[in-house]
Visitor: 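A single structure is presented below for examination.
Scope of the values below: all heavy atoms of this structure, side chains included, with no hydrogens, waters or symmetry mates. Throughout, a chain's letter reflects where its sequence line sits, starting with A, and its residues are numbered from 1.
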Amino acid sequence: MKKSTKWLLMSLVTVFILTAAVTLSFGKVTLRFSDWHMGEAHWLKALEEAKVIFEKQYPDIKITFEPVSYGEKETKYITASEAGQAPDVMHLHAYSLAAFIEKGYALDLTPFINKEKAGFLDAWYALPLTLCTYKGKVYAMPGDYMAQVLVRNTELFMKAGFDPAKPPVTWDEFLEYAQALTVDRDGDFKVDQWGFGMIGAKSPGFELRFSPFVWSFGADYLTEDMKHSALDTPEAAEAIKFFVSLYREYGVAPPGATAFGPFDVRTQLAQEKVAMNIGSGWTVPIVDSINPELGASQVLEYSAVPVKRKAITSAWLSAWIISPNSKHPREAWEWTKFITSKEMELKWFRDASVLSARQDVSGVSLEILEDKHAKVVAYELAFAKFVPQIKEWPEIIDAVTTAVQEGLIGVKTPEKALADAHKRINAILAR
Amino acid sequence: MLALRIKDKQMGYFFILPAALMLLAVIIYPAIYSLKLSFTSESEALYSLTNYAELFRDALFWQAFRNTLVFVGVVVTLHLVIGFSIAMALNTRIKARLLFRLIVLLPWTVPDVVAGITWKWIYDPVYGALNDLLSRLNLIDAPILWLSDPKLAMASIIFADIWRGFPFVMLILLSGLQAIPRELYEAAKIDRASGFQSFRYITLPSLKKIVGVALALDIIWEFRRFGLVQTMTQGGPGHQTEVFSTLIYKEYFQFFRFEYASAIAVIMSIILLSLSLPYIWMISKE
């Protein structure tokens with residue numbers, strides 16, 4: 001065969017293959033799916049496995065992953081939504097859900113839900129569903145739903161002479177434990193292990209860990225009608241004073257708390273620099289990934305957040321929204337429905353230890369109810385409460401975080417800082 | 001000949017067209033959009049000055065303004081002093097000059113955010129290298145709270161930014177120093193001028209313009225500095241390190257107050273424009 005004929009044949013075959021590939025992919029819908037979990041190895045693996053299953057079930061739909069960092073997701077999604085270029089399906093947490101819905105960045109899912117069989121939403125807990133509903137329409141599908149719990153290192157408990165099976169029940173007991181767990185381990189006369197890992201940085205993780213203090217002391221952020229600050233009560237002052245005293249007066253939290261976000265504190269927990277922190281289902285796998293030698297699943301135990309006047313903790317919810325700019329809303333709904341299905345929610349638990357907002361998963365699955373960590377998180381859901389779901393919330397919690405930080409660094413007394421936050425929150429709500 | 005010149009002109013326009021279109025899309029359009037946004041408010045249908053009125057009453061805006069001035073003032077001054085000193089040193093005939101120039105340039109190659117994360121770890125009171133070093137040298141008994149102490153937080157950020165940014169100023173000044181003809185110094189030597197006199201009457205006047213350019217550019221860049229502050233403190237503790245860029249970010253992306261954030265951005269742009277006017281004037285004069 002002549003060389004030129006060979007080339008001609010090869011070119012023809014290439015053209016044929018390309019044409020066939022294009023023809024085959026024609027009609028295939030590509031969905032852009034974005035989630036901060038893609039940055040965590042165990043989650044990425046789980047999501048990729050889910051994608052394979054879904055694409056087999058729906059050969060006409062292709063899912064492309066768009067990773068985003070947890071801290072930057074709002075920035076990316078807002079910018080993309082304003083430009084009409086948002087991913088088809090996005091993962092949010094309750095913190096910014098209300099604002100996203102009010103700003104029109106989430107598609108009304110009610111028409112899709114109405115087409116599902118009757119009682120479709122009955123599988124979910126009512127509380128998370130209310131957060132996804134605005135003016136009678138459902139704009140998001142609930143994802144993870146977990147209560148904050150006290151995480152403690154049982155080995156450090158034993159070394160301090162505590163029974164590892166007996167966690168502190170009240171905040172007073174918590175302080176006693178934390179003081180005993182704040183020690184100099186290497187004998188150089190400097191404290192190198194602290195009782196409590198405190199998150200004091202401006203981060204969405206702060207409200208989850210600080211709110212149990214506020215509520216348990218009998219205080220609240222806002223009045224019932226959510227039109228005024230409720231931080232002018234003696235209970236609120238008592239709560240912030242107690243929180244600040246853990247750091248300033250008793251020194252049971254590592255120095256520099258105002259710069260520590262959730263990851264910093266988890267690292268301290270993983271390195272046994274702190275003995276207790278407030279966390280949830282995600283704590284063990286993340287701590288395990290930071291320091292596998294610790295044996296987090298064995299060493300760490302969960303229990304209820306200590307109590308002052310009320311047994312109460314804060315609730316975490318993540319939710320899935322579909323962009324109103326999605327060119328394939330029906331397919332996006334199929335994917336959303338799939339990742340929030342009973343089977344997948346169980347998979348997320350197996351692979352990432354997170355609990356679902358589906359009561360037919362978190363409320364009945366023996367796998368969850370018999371797991372030593374998950375059962376505590378599931379049980380505490382009955383005492384869990386959400387922060388106010390209004391679009392001004394991020395600004396309000398910033399004012400609260402500022403007050404706590406000012407108290408922690410000592411530029412203001414906790415009372416003065418709280419009074420200033422109260423004033424600022426009222427100004428925010430009066431706008 | 002004339003036809004050719006017109007054709008040349010057209011070609012010129014043709015070549016700048018892509019850049020002009022790009023500028024229009026990524027700078028001019030968003031700028032106009034932000035300006036428009038700053039005069040609107042959620043509660044009022046028509047354009048109004050509501051956001052600007054609120055802004056001037058907002059204590060946080062003024063705190064961010066003061067912090068920005070301190071941050072920019074100290075950083076730019078020290079960039080100039082350190083950059084100038086090192087440029088002078090690297091302009092002399094020392095051994096391994098090229099190697100030193102490369103080493104000095106390294107911080108400039110580190111992205112803003114990476115520098116912020118690195119310095120945050122260096123300053124960490126539990127794991128940080130700086131406290132560990134000071135402790136090993138028996139200089140401190142307890143860790144210093146570099147980013148949590150209200151008296152140190154801004155200084156710590158400024159230090160990190162000086163480290164990262166001085167090579168840029170140094171590089172500009174070094175190029176200026178290298179452009180000064182050697183003959184001038186040789187003539188001064190013949191006239192028995194001292195080292196200080198050479199510096200005072202040759203180096204400084206020759207560098208006047210280039211110092212102006214370096215200052216103008218550095219002021220503009222430092223005014224907009226965001227990644228470093230955001231990664232290190234997010235404007236905290238409290239609002240001790242809140243600068244314009246972090247405040248705008250918060251108002252826009254965290255509080256969803258697009259209109260108010262735009263108003264702050266407009267004020268910041270006005271300040272920046274007025275600061276860059278001398279630079280533009282200098283460039284256009286040439």
Side-chain angles (χ1 to χ4, degrees), chain A residues 71-72 74-79 82 95-96 98-100 102-103 105 188-192 194 200-204 247 254-261 264 267-268 271 273-274 391-399 401-412 417 420 424 427-428 431, chain B residues 30 33 37 41-43 50-51 54 57-60 63 113 117 119-121 123-128 131 135-136 140-153 156 230-242 246-247 249-258 260-261:
Chain A
E72 292 302 308
E74 279 83 7
T75 312
K76 185 179 171 182
Y77 296 159
I78 291 170
T79 314
E82 285 289 319
Y95 183 85
S96 44
F100 265 69
E102 274 194 52
K103 283 282 176 190
Y105 301 153
D188 66 351
F189 304 105
K190 287 172 192 162
V191 171
D192 48 20
W194 290 266
K202 293 193 173 183
S203 121
Y247 181 77
T258 57
F260 297 149
D264 302 298
T267 306
Q268 292 163 4
Q271 305 295 345
K273 287 281 177 194
V274 299
K391 75 171 178 9
E392 290 84 3
W393 177 249
E395 213 176 338
I396 291 169
I397 194 63
D398 184 75
T401 318
T402 300
V404 172
Q405 288 194 338
E406 286 168 342
L408 291 172
I409 61 174
V411 291
K412 287 180 188 170
D420 288 350
R424 184 151 185 96
I428 292 164
R431 270 201 304 257
Chain B
Y33 183 75
L37 211 57
S41 84
E42 275 186 313
S43 52
T50 312
N51 296 314
E54 187 190 332
R57 284 194 310 266
D58 188 352
L60 191 51
Q63 184 169 1
V113 173
I117 294 169
W119 277 97
K120 197 182 167 200
W121 274 102
Y123 287 140
D124 189 290
V126 180
Y127 299 106
N131 276 328
S135 178
R136 280 168 197 267
I140 54 167
D141 288 329
I144 296 173
L145 308 180
W146 300 104
L147 298 176
S148 300
D149 185 327
K151 290 183 196 119
L152 289 176
S156 303
Q230 183 67 14
T231 46
M232 288 176 81
T233 60
Q234 301 107 39
H239 292 291
Q240 302 289 323
T241 59
E242 199 79 75
T246 54
L247 185 63
Y249 175 83
K250 239 176 237 173
E251 293 288 349
Y252 198 100
F253 292 108
Q254 291 180 352
F255 304 161
F256 302 88
R257 300 189 69 209
F258 304 160
Y260 189 61

Visitor: For the residue pair P255(A) and V126(B), what are the closest heavy atoms and their distance?
Guide: O-CG2, 4.3 Å

Visitor: Quick one: which of A201(A), A99(A), G261(A) has the most heavy-atom pairs under 4.5 Å with chain B, could you say?
Guide: A99(A)

Visitor: Quick one: what part of E82(A) sits under 4.5 Å from any heavy atom of chain B, side chain, backbone, both or neither?
Guide: side chain

Visitor: Can you tell me which of E74(A), Q271(A), E102(A) forms the most heavy-atom pairs within a distance under 4.5 Å of chain B?
Guide: Q271(A)

Visitor: If you count heavy-atom pairs under 4.5 Å with chain B, which of E392(A), Q268(A), K412(A) comes out on top?
Guide: Q268(A)

Visitor: So for D58(B), is it side chain, backbone, both, or neither that comes closer than 4.5 Å to the heavy atoms of chain A?
Guide: side chain

Visitor: Which atom pair, heavy atoms only, marks the closest approach of S96(A) to F256(B)?
Guide: CB-CZ, 4.1 Å

Visitor: Need one label for Y260(B): side chain, backbone, both or neither, based on atoms under 4.5 Å from any heavy atom in chain A.
Guide: neither

Visitor: Please classify the contact between F260(A) and chain B as side chain, backbone, both or neither, with a heavy-atom cut-off of under 4.5 Å.
Guide: side chain

Visitor: In terms of heavy-atom pairs under 4.5 Å with chain B, which of V191(A), T267(A), T258(A) leads?
Guide: T258(A)

Visitor: Determine the minimum heavy-atom distance between E406(A) and G238(B), stating which atoms define it.
Guide: CG-CA, 4.1 Å

Visitor: If you round to the nearest 0.5 Å, how far is CD1 of I397(A) from CD of Q254(B)?
Guide: 12.0 Å

Visitor: Tell me which of these, F253(B), W146(B), Y123(B), has more heavy-atom pairs under 4.5 Å with chain A than the rest.
Guide: F253(B)

Visitor: If I measure from the heavy atoms of chain A, does D141(B) come under 4.5 Å with its side chain, its backbone, both, or neither?
Guide: backbone

Visitor: Quick one: OG1 on T402(A) to CG on L60(B), what's the gap to the nearest 0.5 Å?
Guide: 7.5 Å

Visitor: Between T401(A) and chain B, which part of the residue has a heavy atom less than 4.5 Å away: side chain, backbone, both or neither?
Guide: neither

Visitor: Do Q240(B) and I409(A) have side chains that get closer than 4.5 Å, going by heavy atoms?
Guide: yes

Visitor: Most heavy-atom pairs under 4.5 angstrom with chain A, which of L145(B), I144(B), L147(B)?
Guide: L145(B)

Visitor: Which of parallel (below 30°), tilted (30 to 60°) and perpendicular (above 60°) describes Y105(A) and F258(B)?
Guide: parallel

Visitor: Once you round to the nearest 0.5 Å, how far does CZ of F255(B) lie from CD1 of I396(A)?
Guide: 10.5 Å

Visitor: Which heavy atom of R257(B) sits nearest to which heavy atom of E395(A), and what is that distance?
Guide: CD-OE1, 3.4 Å

Visitor: Do the non-hydrogen side-chain atoms of T233(B) and Q405(A) ever get within less than 4.5 Å of each other?
Guide: no

Visitor: Sort D192(A) into side chain, backbone, both or neither according to what part of it lies under 4.5 angstrom from a heavy atom of chain B.
Guide: neither

Visitor: Keeping the roles fixed (side chain from K190(A), backbone from P143(B)), state whether a donor-acceptor pair exists under 3.5 Å.
Guide: no

Visitor: Where do Y249(B) and G71(A) come nearest, in terms of heavy atoms and distance?
Guide: OH-O, 4.2 Å

Visitor: Contact part of Y127(B) toward chain A, heavy-atom cut-off under 4.5 Å: side chain, backbone, both or neither?
Guide: side chain

Visitor: Where on P237(B) is there a heavy atom nearer than 4.5 Å to chain A: the side chain, the backbone, both, or neither?
Guide: both

Visitor: Which atoms form the tightest heavy-atom contact between S148(B) and G256(A), and what is the distance?
Guide: OG-CA, 3.2 Å

Visitor: For the pair D398(A) and H239(B), evaluate side chain to side chain contact (heavy atoms under 4.5 Å, CB included) and give the outcome as yes or no after the intermediate values.
Guide: CA-CA 10 Å; D398(A) 184 75; H239(B) 292 291; 3.8 Å; yes

